[in-house]
Amino acid sequence: MRDGTVLRADVWLPAGAGPWPVLLQRTPYRKEDVFGTQYIAALEFRAALRRGYAVVVQDTRGRYASDGNFDPFHHEQDDGHDTIAWLRKQPFCNGSVAMFGASYVGATQVLALLGSPEGLVATAPNLTTARHGETWLYRGGAIELGFLLLWIIEALGPVDLERRIGDMPPEYAERARALLSRFFADPTSAFRRLPVIDEDLALIAPYVEEWFDNARAEAAADDHSRLDEIARSKAACLVIGGWNDLFIDGSIELFETVRSRWSTRAEVPDRLVIGPWSHGNPTDWQGDGWHGYGALAVPLFEEQLAFFDAAFAGKPPGSPMVRYFRTGSNSWHAAPDWPLPGTQKTELFLGEGGGLAETVQSEAWHQSYGSNPRDPVPTVGGASFLPGLLLGRNSGPKDQAAVESRDDVLTFTSSPLEEPLEVTGLVEAALWIHSSAPTCDWAVRLCEVGFGGKSVGLLDGIVRWRRSEPEGTGGPEEAKVRLGHVGHLFAKGSRIRIQVASSNFPRYDRNPQSGTPSSRANESDFQVAQQTVFGGVEHPSRIVLPVVPEAFPSAPVFNALGEDNSIT
């Protein structure tokens with residue numbers, strides 16, 4: 001690298017003389033690990049080699065075989081550029097490079113896009129995000145507690161700690177190892193630990209001071225500088241996302257950013273594929289629901305190779321611009337653009353007595369509940385990263401009976417639908433609220449209630465809110481909650497339900513509701529708050545659904561391998 005640090009890679013070359021275009025993966029998860037480098041990355045190396053591609057898999061700085069110190073995100077732009085420049089000088093490389101991989105390996109691609117390095121022709125970021133504040137570390141001002149702690153416990157901490165342990169005093173090393181061992185055996189002890197960060201956690205992961213910063217969390221949503229830089233890049237992007245992946249909003253934001261570079265659809269070399277998948281679990285079973293064999297029907301390794309073929313040839317791919325799996329019908333669909341053309345924003349208004357309707361109630365009403373951070377509303381399903389990651393047991397569609405039985409959760413339910421209703425795109429809520437706390441959270445979940453009355457969660461979001469007027473002055477204020485993206489067909493006769501609460505733990509950190517920063521709070525800082533939601537003409541609390549009036553056609557999902565291993 002430019003500072004003299006040596007990074008090490010495995011180089012896989014096809015038969016023949018070359019030179020070849022190179023497919024590059026930069027990973028912090030060990031370059032020899034087949035599960036991470038091939039399965040989760042959705043690319044089979046032997047198929048790529050037979051296709052005439054060299055494959056290079058590199059350990060990122062400070063990880064496994066590579067030298068230096070790992071500092072998440074901070075070195076990936078320069079190291080990515082230096083690696084591409086090195087590859088272009090090698091006799092096996094024809095000067096063209098594409099990148100692939102999932103999660104943080106997708107982040108190394110996004111960061112390499114910045115500055116448009118010479119020779120980077122295409123990227124295939126999979127289950128990842130464009131920004132690494134909002135949509136990665138934070139959501140609506142709240143901190144992605146469950147994800148960040150489990151990322152440290154499962155993936156980052158063990159390797160980082162062992163590399164640094166020799167530089168610690170023995171008593172510090174013993175404390176750090178004991179804490180990591182306890183977290184590994186019982187992750188829930190990490191979630192409930194107060195304060196969230198201290199010097200012991202910093203021994204395991206020095207970057208937690210930066211990550212668990214409440215001021216940064218609240219400012220992150222308005223920081224679009226990374227998106228502006230990506231929009232100046234030149235490489236074609238195949239963005240692969242999952243509806244139940246915690247990074248789905250960032251994946252779609254990334255696609256929308258690269259798509260905006262082109263004025264006409266015919267010019268666009270970028271593609272978007274969204275399956276029902278969750279993080280680490282790109283399979284047919286998500287949460288409580290089986291999505292059928294069709295959930296696996298898109299052979300992503302073929303999709304990527306066909307995409308790279310087109311990019312290296314300087315042509316748009318032959319596939320539809322957008323392909324998405326629609327839950328409810330469990331079917332794949334193709335669309336010419338994103339957001340889906342013809343999408344209509346439909347408002348459903350919260351009503352007194354728990355109704356949800358297309359017309360706002362004329363008379364004013366309000367409902368209240370108490371929010372206690374010592375007894376937060378538990379995370380049940382959704383785009384979480386909770387233990388059981390690789391089986392997806394705690395993410396995706398889950399029965400909400402336990403959540404909805406609590407007295408600190410409000411529910412609002414529509415009448416049975418007279419016809420099926422497709423909701424695909426960004427879901428948002430606007431609540432008129434009041435809180436006795438100076439700051440609190442508003443958490444909203446979208447559910448489908450089936451014929452038997454079972455409520456299944458589909459999507460949830462949160463916003464960390466601050467009162468704009470001193471307590472006792474002013475009236476209700478509007479809090480806007482971004483739930484994120486969904487692709488679902490509500491069945492005829494089913495009902496749409498909205499949950500409103502003030503916590504979703506441990507996916508998100510607990511708001512102490514006292515004004516004390518959440519990452520530094522002890523239990524003595526927790527305060528019970530009285531929460532009120534208002535409705536009626538003057539305060540029309542509502543959910544905004546992206547309704548697709550006509551279903552897009554079924555998508556072609558299979559490519560056939562020819563006898564010469566080409567894709568037809």
Side-chain angles (χ1 to χ4, degrees), residues 1-9 22-29 31 41 56-90 93 95-138 151 155-156 160 206-207 210-211 213 216 219-220 223-239 247 250-251 253-255 257-258 260-261 270 311:
M1 301 296 104
R2 64 191 64 185
D3 63 356
T5 302
V6 174
L7 307 189
R8 295 179 175 84
V22 173
L23 305 184
L24 169 65
Q25 179 179 141
R26 303 190 60 252
T27 178
Y29 302 128
K31 56 187 173 61
V56 175
V57 184
Q58 179 192 71
D59 284 334
T60 55
R61 178 183 295 250
R63 299 288 291 179
Y64 295 97
S66 289
D67 296 345
N69 295 314
F70 181 61
D71 190 359
F73 309 112
H74 288 284
H75 298 286
E76 307 305 357
Q77 179 178 349
D78 288 348
D79 287 356
H81 290 190
D82 292 351
T83 300
I84 292 167
W86 181 88
L87 285 170
R88 284 166 51 80
K89 296 176 183 177
Q90 305 311 305
C93 178
S96 295
V97 177
M99 298 181 72
F100 69 100
S103 193
Y104 190 90
V105 187
T108 64
Q109 298 174 61
V110 169
L111 292 166
L113 283 172
L114 308 181
S116 299
E118 190 70 25
L120 181 59
V121 175
T123 62
N126 180 359
L127 299 177
T128 195
T129 179
R131 295 185 285 170
H132 303 117
E134 186 73 5
T135 73
W136 187 290
L137 302 174
Y138 318 118
W151 191 26
L156 302 184
D160 289 356
Y207 27 83
E210 178 183 337
W211 288 2
D213 184 314
R216 291 182 75 231
D223 182 2
H224 295 93
S225 57
R226 177 69 53 75
L227 302 178
D228 295 338
E229 290 184 77
I230 292 171
R232 293 191 289 270
S233 66
K234 300 175 182 177
C237 292
L238 168 61
V239 180
F247 295 146
S251 295
E253 187 176 62
L254 173 59
F255 177 78
T257 299
V258 296
S260 71
R261 302 177 296 181
D270 312 302

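What you see below is based on every heavy atom in this structure, not just the backbone, and it leaves out hydrogens, waters and symmetry mates.
- Contact check for Leu120 versus Leu113: side-chain heavy atoms found under the 4.5 Å cut-off.
- Closest heavy-atom contact between Thr83 and Asp79: OG1-O, 2.8 Å.
- Across all non-hydrogen atoms, the minimal contact from Val97 to Cys93 is CG2-SG, 4.4 Å.
- Salt bridge annotation for Asp3-Arg61: present, with a cationic side-chain nitrogen under 4.0 angstrom from a carboxylate oxygen.
- Between Phe73 and Tyr104, the ring planes are tilted. Angles from 30° to 60° get that label.
- The list of side chain to side chain donor-acceptor pair (under 3.5 Å) pairs with a residue in residues 223-233, not counting sequence neighbours, reads His132-Arg226, Asp223-Ser225, Ser233-Arg261.
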| Hey, mind stepping through Glu253 and Leu227 against side-chain contact (heavy atoms from CB on, under 4.5 Å) and telling me if it holds? | CA-CA 8 Å; Glu253 187 176 62; Leu227 302 178; 3.6 Å; yes

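- For Asn69, the CG atom sits in a loose shell: 12 or fewer heavy atoms of surrounding residues, nucleotides or ligands are nearer than 6.0 Å.
- The two residues Ala220 and Arg131 come nearest to each other via the heavy atoms O-NH1, 3.5 Å.
- Using a distance-only test at 3.5 Å, with no hydrogens or angles considered, no donor-acceptor pair links the side chain of Thr135 to the main chain of Thr129.
- How far CH2 of Trp151 is from CG of Leu137: 7.5 Å, rounded to the nearest 0.5 Å.
- At least one side-chain heavy atom of Val258 sits under 4.5 Å from a side-chain heavy atom of Ile230.
- A 4.5 Å side-chain heavy-atom check between Lys31 and Asp59 finds at least one atom pair inside the cut-off.
- Residues Asp67 and Leu7 form no side-chain contact, since every pair of their non-hydrogen atoms from C-beta on lies 4.5 Å or further apart.
- Contact annotation: the side chain of Leu156 approaches that of Arg63 to within less than 4.5 Å [non-hydrogen atoms, C-beta and beyond].
- In terms of heavy atoms, Pro117 sits closest to Ala112 at CD-O, 3.1 Å.
- Going from atom OG1 of Thr108 over to atom CD of Glu76 covers 6.0 Å, rounded to the nearest 0.5 Å.
- Atoms CG and OG1, on Asp71 and Thr60 in that order, are 11.0 Å from each other to the nearest 0.5 Å.
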| task | Using the side-chain contact (heavy atoms from CB on, under 4.5 Å) rule, take Ser103 and Leu127 through it: C-alpha gap first, then chi angles, then the decisive distance, then the call. | result | CA-CA 5 Å; Ser103 193; Leu127 299 177; 5.5 Å; no

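- Nearest heavy-atom pair, Ala311 versus Ala236, reported as atom, atom and distance to 0.1 Å: CB-CB, 4.4 Å.
- A donor-acceptor pair under 3.5 Å is formed between the side chain of Arg8 and the backbone N or O of Ala65.
- Looking only at distances, no side-chain donor or acceptor of Thr123 sits under 3.5 Å from a matching main-chain atom of Pro125.
- Remark: Tyr64 engages no residue in a ring pair (Phe, Tyr, Trp, His ring centres under 6.0 Å) (not counting sequence neighbours).
- With a 4.5 Å cut-off on side-chain heavy atoms, Asn126 and Phe100 do not count as touching.
- Pairing each heavy atom of Ala130 with each of Val110, the nearest pair is O-CG1, 3.6 Å.
- Thr128 is not listed as a side-chain neighbour of Gln109, based on a closest heavy-atom distance of 4.5 Å or more.
- To the nearest 0.5 Å, the span separating CD1 on Ile84 from OG on Ser96 amounts to 11.0 Å.
- Annotation: Glu210, atom CD; neighbour count of heavy atoms from other residues, nucleotides and ligands within 6.0 Å is above 12.
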